[in-house]
*Asks:* 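Have a look at the structure that comes next, please.
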Amino acid sequence: MAQTIAAKQHPFTWEAKDLRGTRIRGKTMAANEAAVRASLRRQGLVPTRIRKKSNLFQTKQKITTQDIAIFSRQLATMMSAGIPLVQAFDIVGMGHDNQSMQKLIMAIKADVEGGATLAESLGKHPVYFDDLFVNLVNAGEQSGALETLLDKIATYKEKTEAIKKKIKKALTYPTAVVAVAIIVTAILLIYVIPTFESLFESFGADLPAFTRMVVDLSLFVRTKGWAIVIVGGSAIAALIYFKKRSRKFAHFLDRTMLKLPLIGEILRKAAIARYARTLSTMFAAGVPLVEALESVAGATGNIVFQEAVLDIREEVSTGQRLQRAMEATELFPNMVVQMVAVGEESGSLDDMCAKVADFYESEVDAAVDNLSSLLEPAIMAILGVLVGGLVVAMYLPIFKLGAVI
């Protein structure tokens, strides 16, 4: 129902006067002009001008996890300031530049106005609001501390987004440089080498072995390049397909990633940080440990850790202590296990998990910075050897000819 309401709504700009005669302008989402007028009158405003915004040149924008994180923080701020929930949706929604996000917020608002709880309204959009988000909101509504839980959700989202950005930062630079190296090498092999090849043929002399190898490589790329592209593209597509469809393959891939030098350590620390941060947030919200662990499993971002957390949940549900269950997985460092043990003994598991999360988030920051400093000179050296080797191969025959003359 919410999806249908969101699809029929359109953006409107309006001008109105309040009881004092002050002119006010704003934007809203509504099904038609009559709905805008009715909404303004309910707010004690007299509409003087309403205009439907044209969508002719607007393209549908994607809703990102960053949008959801910002929405969480804005809603938490509004609720903390004492602004009613429905009015907060209006303020947050109309202040958003992303039209898709505006429609999502207005759809949630329509459900809340229709009598649904906020948790139920968010649960109708599982693509954007996962079980963790919905469960925390539900806990906040039931305990009467929704604004406090929204603040915890916002902090949690901001922390997890920061980790994701750090990991992307670690992977983006080397990927971009390797891509540039491949493109430059392909241009040299396809367009530059053939020019030198015709020049070499006019010499009538045998080419150096290195130059002959490069010329043969250029010929192969020009004649079989399409096959390389197809095979490479198919391999990447197959990798993505089987990772989504096959749990065994996804497990193998994620476990392999954890064993990679440098990158694997960053992924491991990030997974532990997400585990600790999520568990801390859920436990602080009053969610029972067994129920919390189910949401924590999906938040780790790695299927190896996800399955380990589900195993921990099974152990805890039978009466096993969390510390012992974590220790049995052999995935968590001793420091993490001991911190959790202290938290269980002292009744401050949420605080201890938060400290673990803070520590490993700072570790991820430091590891990413170290990785960047190590990769920059290494990648530049590889790029220099690759491109420089092609240039040297082309000039070797010229040097040889000069020596003969």
Side-chain angles (χ1 to χ4, degrees), residues 69 72 76 130-133 135-140 142-143 145 147-164 166-167 258 265-302 304-368:
S72 305
D130 55 17
D131 291 340
L132 170 65
F133 200 115
N135 289 340
L136 287 173
V137 169
N138 185 49
Q142 290 182 358
S143 63
E147 63 275 8
T148 303
L149 264 297
L150 283 172
D151 182 70
K152 289 184 180 295
I153 293 170
T155 301
Y156 167 76
K157 285 288 183 183
E158 289 163 356
K159 293 283 188 180
T160 51
E161 280 302 304
I163 290 181
K164 288 180 182 178
K166 280 290 182 180
I167 295 175
L258 290 175
E265 193 61 25
I266 292 176
L267 295 177
R268 182 181 297 276
K269 289 177 179 178
I272 294 173
R274 281 195 290 262
Y275 167 85
R277 179 67 62 192
T278 309
L279 185 58
S280 171
T281 305
M282 294 288 284
F283 203 71
V287 179
L289 182 57
V290 174
E291 185 180 338
L293 285 169
E294 188 172 356
S295 297
V296 171
T300 56
N302 185 288
V304 176
F305 276 87
Q306 181 181 348
E307 291 180 350
V309 175
L310 290 176
D311 290 340
I312 292 172
R313 178 179 175 274
E314 291 299 320
E315 292 293 324
V316 171
S317 66
T318 60
Q320 181 69 275
R321 291 182 60 185
L322 179 61
Q323 170 210 353
R324 298 297 182 191
M326 288 174 58
E327 198 171 22
T329 65
E330 298 182 352
L331 283 176
F332 297 93
N334 185 58
M335 185 271 284
V336 177
V337 175
Q338 293 306 316
M339 292 269 296
V340 168
V342 172
E344 285 185 297
E345 291 289 343
S346 62
S348 58
L349 183 60
D350 53 335
D351 290 335
M352 285 301 172
C353 285
K355 292 181 186 298
V356 170
D358 289 338
F359 174 78
Y360 275 94
E361 283 163 1
S362 64
E363 284 285 293
V364 171
D365 289 347
V368 169

*Asks:* Does the side chain to side chain contact (heavy atoms under 4.5 Å, CB included) test come out yes or no for Thr155 and Arg277, once each step is laid out?
*Replies:* CA-CA 10 Å; Thr155 301; Arg277 179 67 62 192; 5.5 Å; no
*Asks:* Please examine the side chains of Leu149 and Val137, heavy atoms only from C-beta on, and report whether any two atoms are closer than 4.5 Å.
*Replies:*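 A side-chain contact under 4.5 Å is absent here.
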*Asks:* Is the backbone N or O of Lys157 less than 3.5 Å from a side-chain atom of Thr160, with the two atoms forming a donor-acceptor pair by type?
*Replies:*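 Present.
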*Asks:* Compare every heavy atom of Ala357 with every heavy atom of Ala276, then report the nearest pair and how far apart it is.
*Replies:*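 Distance-wise, the nearest heavy atoms are CB-N, 3.8 Å.
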*Asks:* When rounded to the nearest 0.5 angstrom, what distance separates CG in Asp365 from CD1 in Ile266?
*Replies:* 10.0 Å
*Asks:* Side chains of Arg268 and Asn302: does their closest heavy-atom pair fall under 4.5 Å?
*Replies:* no
*Asks:* Any salt bridge between Arg313 and Glu294, counting N to O under 4.0 Å?
*Replies:*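 Between Glu294 and Arg313 there is a salt bridge, with a charged N closer than 4.0 Å to a carboxylate O.
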*Asks:* One thing to verify: whether Glu344 and Arg324 come together as a salt bridge, which I'm taking to mean a side-chain N less than 4.0 angstrom from a carboxylate O.
*Replies:* no
*Asks:* Any idea which heavy atoms bring Phe332 and Thr329 closest together, and the distance?
*Replies:* CD1-OG1, 3.4 Å
*Asks:* Are side-chain heavy atoms of Met335 and Phe359 found at a separation under 4.5 Å?
*Replies:* yes
*Asks:* Any idea which heavy atoms bring Ala325 and Glu315 closest together, and the distance?
*Replies:*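 That closest heavy-atom pairing would be CB-CB, 3.8 Å.
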*Asks:* At their closest point, which heavy atom of Ser317 faces which heavy atom of Val290, and how far apart are they?
*Replies:* CA-CG2, 4.0 Å
*Asks:* Do Leu136 and Met282 touch side chain to side chain, with heavy atoms closer than 4.5 Å?
*Replies:* yes
*Asks:* Walk me through whether Leu349 and Leu322 qualify under side chain to side chain contact (heavy atoms under 4.5 Å, CB included).
*Replies:* CA-CA 10 Å; Leu349 183 60; Leu322 179 61; 3.9 Å; yes
*Asks:* From Leu293 CG over to Glu314 CD, what is the distance, rounded to the nearest 0.5 angstrom?
*Replies:*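 Output value for this atom pair is 10.5 Å.
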*Asks:* Any non-hydrogen side-chain atom of Glu361 less than 4.5 Å from a side-chain atom of Val364?
*Replies:*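 Not touching, per the 4.5 Å side-chain cut-off.
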*Asks:* Got Phe305 and Ile272 here, is their nearest side-chain heavy-atom distance under 4.5 Å?
*Replies:* yes
*Asks:* Can you check whether Ile312 reaches Gln320 side chain to side chain, under 4.5 Å on heavy atoms?
*Replies:* no
*Asks:* Test Glu345 against Arg321 for side chain to side chain contact (heavy atoms under 4.5 Å, CB included), laying out the working first.
*Replies:* CA-CA 10 Å; Glu345 291 289 343; Arg321 291 182 60 185; 3.1 Å; yes
*Asks:* Under the criterion side-chain contact (heavy atoms from CB on, under 4.5 Å), which of Thr281, Leu289, Val309 is the partner of Val296?
*Replies:* Val309
*Asks:* Rounded to the nearest 0.5 Å, what separates atom OG in Ser72 from atom CG in Asp151?
*Replies:* 10.5 Å
*Asks:* Give the minimum heavy-atom separation between Glu363 and Lys269, together with the two atoms involved.
*Replies:*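 Minimum heavy-atom contact is OE1-NZ, 3.1 Å.
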*Asks:* Would you call Val336 and Tyr360 a side-chain contact if the rule is heavy atoms closer than 4.5 Å?
*Replies:*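 Contact flag for Val336/Tyr360 side chains = yes.
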*Asks:* What is the distance from atom OG of Ser280 to atom OH of Tyr156, rounded to the nearest 0.5 Å?
*Replies:* 11.0 Å
